[in-house]
Amino acid sequence: MYDENVANTIQVACSWSAIETALKGVTDAQANSGTLILIAPGNLTGNGNSSGSKPVLENLGSVSWNQRVTIAPRDGYGTVKLLGGVRFLKVHGVCFAGFQEDGNDGIKMQGCRRSALAWTKCTGHLGLYGTDGFVTEGMEIVEVVQPNHYVKNGDSADYYAGGGGFSDWRFDGCYHAPRFFEYPYTGSKPHTDTVQFAAAGGGSYDTMVFRDSAFFASNNCSIQTGNVDGLALEHCYVVSGEVSLSRYPHLPGGSTEATTNAFNGSGRGFEAKDSIFIGGMAINTSDAARPWRSVINTKVDRSYGSSNQPLSGQWTVDTSLNATNSGMPPYPTDAYLSTIWAKPGATSDVSVPVLAPRGGTYGSPQLVTMTCSTAGASIYYTTNGSTPTISSTKYTGPVTVSASATIRAFATAPDLDASSVQTEDYFIVNQVSAPVISPQGGQFSSAQSVTITCPTAGATIYYTLNGSTPTSSSTVYSGPILVSSTSTLKAVGVKVGSENSPVASAQFGIGNSYAASEAWTNVSIPTQTGAFTISWNAMPDANQIDGVMGLSLGAASGYDDLACIVRFASSGFIDVRNGGSYQALATVPYGAGTMYHFELSVDLAAKKYSVKVTPNGGSAVQIAQNYSFRTQQSTVSSLDHLGLVSLGSGSHIVSDIVIGTTPPPSAPQGLRITSAP
């Protein structure tokens with residue numbers, strides 16, 4: 001950005017037209033030898049940063065340039081301000097660096113292949129979008145900070161694939177504060193993420209890498225993973241709950257819903273290294289039975305369920321992590337940013353080598369290439385994890401990695417300081433493919449014949465029906481299995497000389513079941529007048545539904561009719577009604593397609609009840625103890641119905657209703673529409 005030895009320097013006035021003219025005049029030869037466009041101090045006003053806003057720069061640059069053309073303020077960071085929201089559309093091979101975006105309008109880069117945004121403060125929304133027609137690849141977002149939090153019905157940053165999708169993006173040294181949606185809100189209930197991935201427009205996205213970056217949770221979560229294929233976090237700080245709120249408390253006019261999730265969404269091929277995660281991990285298994293591919297030296301504040309256990313490595317659980325001992329990064333004040341982004345003069349370091357492919361878990365040997373953008377540089381490397389020196393092996397061509405290894409490399413060049421060391425960890429595994437269960441679970445009125453296959457030839461399949469993890473000591477699959485009662489089927493593929501497959505899982509509910517919808521479903525149960533226990537199984541079909549289950553006297557037609565209520569809340573957690581509000585003694589996240597067993601101990605005389613919930617394959621968790629009946633039902637003397645309703649996107653199914661030794665419930669009665677509570 002401030003390299004005084006750059007081959008070509010162009011100085012322009014502070015206007016978009018001057019910048020456009022200069023960029024159009026850059027030849028391939030100039031770009032390839034290094035070009036810096038320096039802008040005089042002033043303000044650059046845009047036209048908004050929505051997808052329909054007129055771009056300030058469009059269809060400029062080239063993907064064939066060997067290095068980026070950099071556009072930056074002549075007099076250093078903050079001397080050129082972006083106002084009114086700016087949108088860059090299909091600007092290729094260009095780095096925008098050193099800007100300060102003022103106001104709450106934000107920056108959007110859309111379809112900008114091999115471009116970059118660096119050393120920039122963004123107070124508004126940050127949008128990084130793909131576009132139709134091509135894959136938006138090779139982007140870098142370096143030390144872009146969103147230091148302030150706002151009340152706004154939108155995410156802090158959205159990474160939308162667009163119709164063409166995007167791939168191979170790098171985020172280094174970024175910092176993102178949360179957004180809290182307005183309350184009370186109008187229309188459909190919003191939710192806010194700090195960073196959200198989404199395949200909006202039909203495109204896909206993969207190979208996203210975050211390094212040295214911090215994320216504080218919004219109302220929904222810190223990072224909404226969408227269904228990204230390949231997400232690596234190295235030396236990152238991702239926090240929610242009280243730790244996040246210690247720096248970014250709820251704001252007046254904004255929702256005060258819990259900020260309990262560090263991660264939410266789906267995806268696969270996730271990696272974590274040298275990081276700290278504090279909060280829930282509500283990642284569903286729609287894309288992978290176990291989304292985390294590898295975990296190295298990463299601290300978390302709690303234990304996660306089986307689906308969030310990594311295929312390689314393990315989480316380091318430290319329940320003492322809090323705001324004072326978790327290594328929270330400094331707050332990026334304007335004074336701090338001006339210090340770290342001050343004009344340093346000519347660069348004197350060799351660029352860090354780039355290894356391709358990046359480290360990760362692979363099922364076959366990899367051919368690793370190493371490049372350095374500094375002219376005349378030599379690269380030295382090791383493959384045993386030791387620190388390389390000029391006495392180490394000199395890179396002369398691709399290196400074959402046929403077994404798990406750690407490659408460390410650095411570069412030197414005449415009259416320049418050596419680069420820092422680049423480290424990549426490669427895990428080469430010969431793993432059996434995950435078994436395929438058919439049908440893939442669900443609720444059924446009768447027994448099901450279930451088949452299990454494994455794509456890996458010669459593999460033996462072992463299975464269990466009680467939710468436990470199968471091993472080579474479990475039952476061998478030899479033909480279709482008759483599942484005649486509510487069960488959790490798990491299967492693993494085993495082959496001599498190969499690593500066991502990931503565990504495949506499917507849940508089967510057999511017998512009467514009742515589906516919740518926006519119309520009330522009421523199930524008649526034997527009339528209860530004293531102390532009793534009732535239990536049932538329930539399975540949500542999405543991650544953030546508003547799914548209510550409660551006991552009433554007579555058929556329920558509204559929430560006020562229910563005395564005892566448990567809920568799959570839209571926050572992604574299970575909670576219980578206690579008098580006039582929903583609460584929970586323990587944090588229990590829920591996921592789509594997972595069975596949960598509820599047990600309610602009810603004391604009608606005292607108008608109190610307690611609740612335990614058992615996630616599939618887990619242990620019972622006490623989430624309510626002597627909670628009060630809903631305020632409107634504080635005088636009810638008997639209960640004879642279980643009512644179900646689900647609003648918004650998603651539903652849930654209830655089965656296996658048991659009240660002590662009483663007869664099973666009768667079929668559902670009257671269905672009536674009601675509004676939200």
Side-chain angles (χ1 to χ4, degrees), residues 225 227 229 263 265-272 281-295 300 303-315 317 360-363 427 429-442 448 450-483 485-509 537 539-540 543 589-597 614-619:
T225 60
N227 62 332
D229 186 358
F263 295 89
S266 61
R268 60 185 177 182
F270 298 169
E271 299 175 1
M281 194 173 289
I283 302 174
N284 65 53
T285 56
S286 59
D287 296 310
R290 291 166 69 184
W292 289 96
R293 181 163 56 194
S294 69
V295 170
V300 295
S303 298
Y304 297 121
S306 58
S307 65
N308 280 317
Q309 296 307 311
L311 296 172
S312 172
Q314 62 182 7
W315 304 108
V317 179
T361 302
Y362 299 93
F427 300 94
V429 298
N430 181 18
Q431 188 176 30
V432 177
S433 297
V436 178
I437 300 172
S438 180
Q440 297 179 330
Q448 294 294 299
V450 180
T451 60
I452 312 175
T453 57
C454 183
T456 301
T460 301
I461 300 171
Y462 297 88
Y463 72 92
T464 62
L465 280 167
N466 61 0
S468 62
T469 301
T471 67
S472 56
S473 299
S474 302
T475 305
V476 176
Y477 175 79
S478 58
I481 305 164
L482 185 65
V483 179
S485 61
T486 298
S487 307
T488 298
L489 171 62
K490 291 188 175 182
V492 65
V494 177
K495 184 177 181 180
V496 175
S498 299
E499 184 177 333
N500 291 356
S501 75
V503 174
S505 180
Q507 299 168 71
F508 294 86
N537 292 327
M539 180 189 296
N543 286 328
Y590 66 88
T594 298
M595 189 86 74
Y596 299 86
H597 181 73
T614 306
N616 176 61
S619 301

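Numbering starts at 1 and runs along the sequence shown.
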Any heavy-atom pair between the side chains of [Y] and [X] that's under 4.5 Å?
X: Val450; Y: Phe508; result: yes
X: Ile437; Y: Leu489; result: yes
X: Gln314; Y: Gln309; result: no
X: Asn466; Y: Ser487; result: no
X: Thr451; Y: Ile481; result: no
X: Ser474; Y: Tyr463; result: no
X: Ile461; Y: Val476; result: no
X: Tyr596; Y: Pro540; result: yes

* All ring-ring contact (aromatic ring centres under 6.0 Å, His included) counterparts of Tyr590, not counting sequence neighbours -> Phe568
* Structure fact -> With sequence neighbours left out, the residues meeting ring-ring contact (aromatic ring centres under 6.0 Å, His included) with Tyr462 are none
* **By salt bridge (charged side-chain N to carboxylate O under 4.0 Å, His left out) - contacts of Arg268 (at least two apart)** => Asp229
Which atom names give the shortest non-hydrogen contact between [X] and [Y], and what distance separates them?
X: Ala434; Y: Pro455; value: O-CD, 3.5 Å
X: Lys490; Y: Ser306; value: NZ-OG, 4.4 Å
X: Ser286; Y: Asn284; value: OG-OD1, 2.7 Å
X: Pro615; Y: Ser619; value: CD-O, 3.6 Å
X: Pro439; Y: Gln448; value: CG-OE1, 4.2 Å

I'd like to know if the side chain of [X] and the backbone of [Y] have a donor-acceptor N/O pair within less than 3.5 Å.
X: Trp292; Y: Ser312; result: no
X: Asn543; Y: Ala592; result: yes
X: Thr471; Y: Ser473; result: yes

* Verify whether one side chain among Ser266 and Asn227 offers a donor that lies under 3.5 Å from an acceptor in the other. => no
* To do: Look up atom CZ in Arg290 and atom CG in Leu311, then write down how far apart they are to the nearest 0.5 Å.
  => 4.5 Å
* Distance from Ile283 atom CD1 to Phe270 atom CZ, nearest 0.5 Å? -> 5.0 Å
* side chain to side chain donor-acceptor pair (under 3.5 Å) involving Thr488 - partner list, sequence neighbours excluded -> Asn616
* Structure fact -> Contacts of Ser433 meeting side chain to side chain donor-acceptor pair (under 3.5 Å) (sequence neighbours excluded), chain-then-number -> Thr456
Identify every side-chain donor-acceptor pair in residues 491-505 under 3.5 Å, counting partners at least two apart or on other chains, and give the distances.
unit_1, atom_1, unit_2, atom_2, d
Lys495, NZ, Ala457, O, 2.9
Ser498, OG, Asn430, ND2, 3.2
Ser501, OG, Gly493, N, 2.7

